[in-house]
Amino acid sequence: QVQLVESGGGLVQAGGSLRVSCAASGRTFSGDSMGWFRRAPGKEREFVAAIDWSGGDTYYAGSVKGRFTISRDNAKNTVYLQMHSLKPEDTAVYYCAAYSGSYYDGGPTFWGQGTQVTVSS
């Protein structure tokens, strides 16, 4: 059974930094893209960032580009999202996602349960 387990969420002040992690189990995703999405209170879930299987190709939503960095460690079957210069509008539940193949080819196949990130002003 595939599981994606996020960790590292929490409360941080505006301007601060936080790193969230997602550990996958049940299968290896070393050949697949992985990504992060988020859902803010009262809003739809939105794309944040994606990374290809090698880590060499990344893609970001415009709202986080330049502030967030996605990375992965295939040996640990883990993907990370490093967040800097956090803003109150970044407050959301952050979800890890795993694709079957490339993120160019469609939406994620697997989802984590989410981790709460709260940015205070």
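Residue numbers start at 1 and run along the sequence shown.
- Atom OG1 in Thr115 sits 8.0 Å away from atom CG in Leu18 (nearest 0.5 Å).
- Heavy atoms only, all atoms of each residue included: Ala50 and Tyr99 are closest at CB-OH, 4.4 Å.
- No side-chain donor-acceptor contact under 3.5 Å links Thr78 to the backbone of Asp73.
- Put simply, CG on Leu81 and SG on Cys96 are 10.0 Å apart, with the number rounded to the nearest 0.5 Å.
- Within the structure, every pair that satisfies the salt bridge (Lys or Arg N to Asp or Glu O under 4.0 Å) test and touches residues 44-67, not counting sequence neighbours, is listed here: Arg38-Glu46, Arg67-Asp90.
- In terms of heavy atoms, Arg27 sits closest to Ser100 at NH1-OG, 4.3 Å.
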Would Trp36 and Phe68 count as a ring-ring contact (aromatic ring centres under 6.0 Å, His included) here? Give the steps. CA-CA 11 Å; Trp36 289 92; Phe68 290 12; over 10 Å; no

Please walk me through it: do Ser17 and Met83 pass side chain to side chain contact (heavy atoms under 4.5 Å, CB included)? CA-CA 5 Å; Ser17 299; Met83 302 178 284; over 6 Å; no

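- Side chains of Gln116 and Val93 form a contact here, defined as non-hydrogen atoms less than 4.5 Å apart.
- Residues Gln82 and Ser71 are not in side-chain contact: their nearest non-hydrogen atoms beyond the backbone lie 4.5 Å or more apart.
- Taking the side chain as every heavy atom from C-beta outward, Tyr94 and Val117 approach each other to under 4.5 Å.
- Its side chain outside the 4.5 Å cluster rule for every partner, Val5 clusters with none of the Ile, Leu, Val, Met, Phe, Trp and Tyr residues.
- Minimum interatomic distance between Tyr103 and Thr58 (heavy atoms only, all atoms of both residues): OH-C, 3.8 Å.
- Annotation: Phe37 is not in aromatic contact with Tyr95 [ring centroid separation under 6.0 Å not met].
- Closest of all the heavy-atom pairs between Arg72 and Ser30 is NH2-CA, 4.0 Å.
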Set out, in order, the CA-CA distance, both residues' side-chain angles and the distance that settles side chain to side chain contact (heavy atoms under 4.5 Å, CB included) for Ile70 and Val79, then state yes or no. CA-CA 7 Å; Ile70 187 171; Val79 64; 3.9 Å; yes

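- Ring geometry for Phe110 against Phe29 counts as perpendicular: the plane angle is over 60°, on a 0 to 90° scale with 30° as the lower cut.
- Rounding to the nearest 0.5 Å gives a distance of 8.5 Å between CG of Leu86 and OG1 of Thr91.
- Nearest heavy-atom pair, Val64 versus Val48, reported as atom, atom and distance to 0.1 Å: CG2-O, 3.6 Å.
- Residue Gln113 qualifies as open at atom CD: its count of foreign heavy atoms under 6.0 Å is 12 or below.
- Taking every heavy atom of both residues into account, Leu11 and Ser120 meet most closely at CD1-CB, 4.2 Å.
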For Tyr60 and Phe47, what are the C-alpha separation, side-chain angles and deciding distance, and is it a ring-ring contact (aromatic ring centres under 6.0 Å, His included)? CA-CA 8 Å; Tyr60 297 92; Phe47 169 80; 8.3 Å; no

